Amino acid sequence: MSKQVIVNALISAVTFLVLAGWLLGISMQAEPGGVQLVFAEPSHLHWLWGGMAAVFFGQLFLPNLFGKLRSGVSANKPSFKLPSMDRKGGNLIACFVLAGAIIWPFMVSRGSVDLATLTLIYVMLGLGLNVVVGLAGLLDLGYVGFYAVGAYSYALLAAEGWGFWTCLPIAGAMAALFGFLLGFPVLRLRGDYLAIVTLGFGEIIRLLLNNLTELTGGPNGISGIAKPTLFGLEFNRKLKDGGFDTFHNFFDISYNSQYKVIFLYLMALLLVVLTIIVINRLLRMPIGRAWEALREDEIACRSLGLSPTVVKLSAFTIGAAFAGFAGSFFAARQGFISPESFTFIESAIILAIVVLGGMGSQIGVILAAIMMTVLPELAREFNEYRMLMFGLMMVFMMIWRPQGLLPMSRPHMQLKQEA
Amino acid sequence: MLEFKNVSTHYGQIQALHDVNMSVSKGEIVSLIGANGAGKTTLLMTLCGDPKASSGEVLFEGKNITRESTHQIMRGDIAIVPEGRRIFSRLTVEENLHMGGFFATKEQVEERIEEVYQLFPRLKERISQRAGTMSGGEQQMLAIGRALMSNPRLLLLDEPSLGLAPIIIQQIFDIIESLRERGMTIFLVEQNANQALRLADRGYVLENGRIVLEDSGDNLLVNEEVRKAYLGA
């Protein structure tokens, strides 16, 4: 019996549990305080376990039986082997990872969820910068500037009483606008020169925020930024951010600060998933191919009638928009922002995430973002040696795996070999 | 179809082309030969608008394109197979071809990609291979195929025989010949004077940025001066 069959059977059994568990495993009871969810009676649970066992063993043995029957029938026929994508099952794995990521915060401590939310912000930033650096090949050292624009856009609009979900696209658009305006003069430069100028622009944005005291509060920053709400339900103990009710009051449960943390985490997860979907979509469109082609050979692009400025500008603008989304979420989560949060080191970390993950590879960037935020937390005891370790790690990476953790690969078809 | 009128081009202070006059008519293969540094590539690049002509006019189908920007010119009915092929080496063959048809509709791309595969069956075999991993001849085929994807009426070829084995060069020139039979106008810039002139209806000889000779391909092949300077006879 092959390992694959066992794994298959296990997956089927778990899927059965997830699907049937809602129907058989849980029952609702009306009580004075409202409807309560409790575990179902043992007899129902027995059915559930029985069903799971049936599915598991069924999946384990049936393929074997059928396989024998079928091989008996088709032994003399010529068999056609179709080429298959070698990334088969990638979607299934993605679904399981996503399901795991949704369930996970309900089982761990508040600190871990908080860290995970931060990680997701970096994932979003990494994916955005990946478009600019990894795909279009424009080395951007001032990415944090757009992150700051997004954060301040939300903070200022929220102070005027705007909600998070209306502000999110506005913040993205503001950052995109800045990317567009900065991109115009900058994008005629190349390579090192481009890097230096973008670095300068990142610093200019930070200095502006520091000195526009009337608007941004200068070095004091902006505090008391409204937290996002769930369709107008707040996660605070008392109503204060302009929602119509609080979450715990509406659902009639006791207040728990953990809800807010989990809600923020799930929201970050949603934003990251949207980011991945949008960028994946862009990559399959001609514009995505044009980014890569431009990175490969600018002269050839021009010979095909593409305007390099337009293509570069689109990459720069779209990358900046994602930084804007991440920034506005960051502001909403922290509740307080100041120019301190948007120093050059942030740009460096985001760039390190992209390089570490493998330029252009989305899964690589996600892995690298997790590494870059979780590892420093784990190494907290080493405190002042942390940056040293970080540097060492980068050096070793460049020696042993210069293409990054998971370099970008293209799906390719392969003809099956006859056994 | 294409006409150069007294075109001069400068790189900064240095003048690379001196009052060049030449023309290509519809359905012709015209070859431009000359030694290294004579200005062959400069002439092609001037046509493409980078660098721009400092004086004179470039006319394409009667329209003055001297001052248009490169991407405007290349988006029209002109396509170029650049010197040294310049395919996108990390993109697959199919993606390279799609880049060639960037401004065409989806249906047009499907249709033209089939035509390219008919012309170059070798490319179809390598449809999802990364272009950089193919041999030089295959890459040259891809570069030509990519240029054909925009359905041009004038095809510019800059040294298609560069760095290829003689037998592959023969194949490439056969393909150019077959393109002519389909009614394509071709402007060929070559060092390989022998092959280029044999194929061409007319030829120009460029020396130090000046056109010094103009004649039919066959006449140039037997011309004493040309034979001495370029054919090694």
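Within every chain, numbering begins at 1; the chains are lettered A, B, ... in the order of the sequence lines, protein sequences first and strands thereafter. Bear in mind the structure is a predicted one, so any value in this text is a computation, not a measurement. Side chains are part of it too, since the values below use all heavy atoms of this structure and drop only hydrogens, waters and symmetry mates.
- The environment of CD1 in A/Ile299 is sparse: at most 12 heavy-atom neighbours from other residues, nucleotides or ligands sit within 6.0 Å.
- When the shell of 6.0 Å around CZ of A/Arg190 is examined, it contains 12 or fewer heavy atoms from other residues, nucleotides or ligands.
- For B/Ser89, the parts lying under 4.5 angstrom from a heavy atom of chain A are both the backbone and the side chain.
- More than 12 heavy atoms of other shown residues, nucleotides or ligands fall within 6.0 angstrom of atom OH in B/Tyr11.
- Heavy-atom neighbours of A/Arg188 CZ from other residues, nucleotides or ligands within 6.0 Å: at or below the threshold of 12.
- Minimum heavy-atom separation, A/Ala300 to B/Arg146: CB-NH2, 3.9 Å.
- One finds the OG atom of A/Ser303 at 11.0 Å from the CG atom of B/Asp158 (value rounded to the nearest 0.5 Å).
- The side-chain heavy atoms of A/Glu296 and B/Arg86, taken from C-beta on, include no pair separated by under 4.5 Å.
- When side chains are defined from C-beta on, B/Met99 counts as touching A/Arg289, because their heavy atoms get closer than 4.5 Å.
- No side-chain heavy atom of B/Met74 sits less than 4.5 Å from a side-chain heavy atom of A/Leu304.
- The environment of CG in B/Asn208 is sparse: at most 12 heavy-atom neighbours from other residues, nucleotides or ligands sit within 6.0 Å.
- Other residues, nucleotides and ligands place no more than 12 heavy atoms under 6.0 Å from the NZ atom of B/Lys5.
- With values rounded to the nearest 0.5 angstrom, A/Arg295 atom CZ is found 7.5 Å from B/Leu91 atom CG.
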Side chain to side chain contact (heavy atoms under 4.5 Å, CB included) between A/Cys301 and B/His71, worked out: CA-CA 9 Å; A/Cys301 270; B/His71 59 93; over 6 Å; no

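- Within the 4.5 Å cutoff, the side chain of A/Val311 has no heavy atoms near those of the B/Phe102 side chain.
- In the displayed structure, A/Phe316 atom CZ is contacted under 6.0 Å by more than 12 heavy atoms of other residues, nucleotides or ligands.
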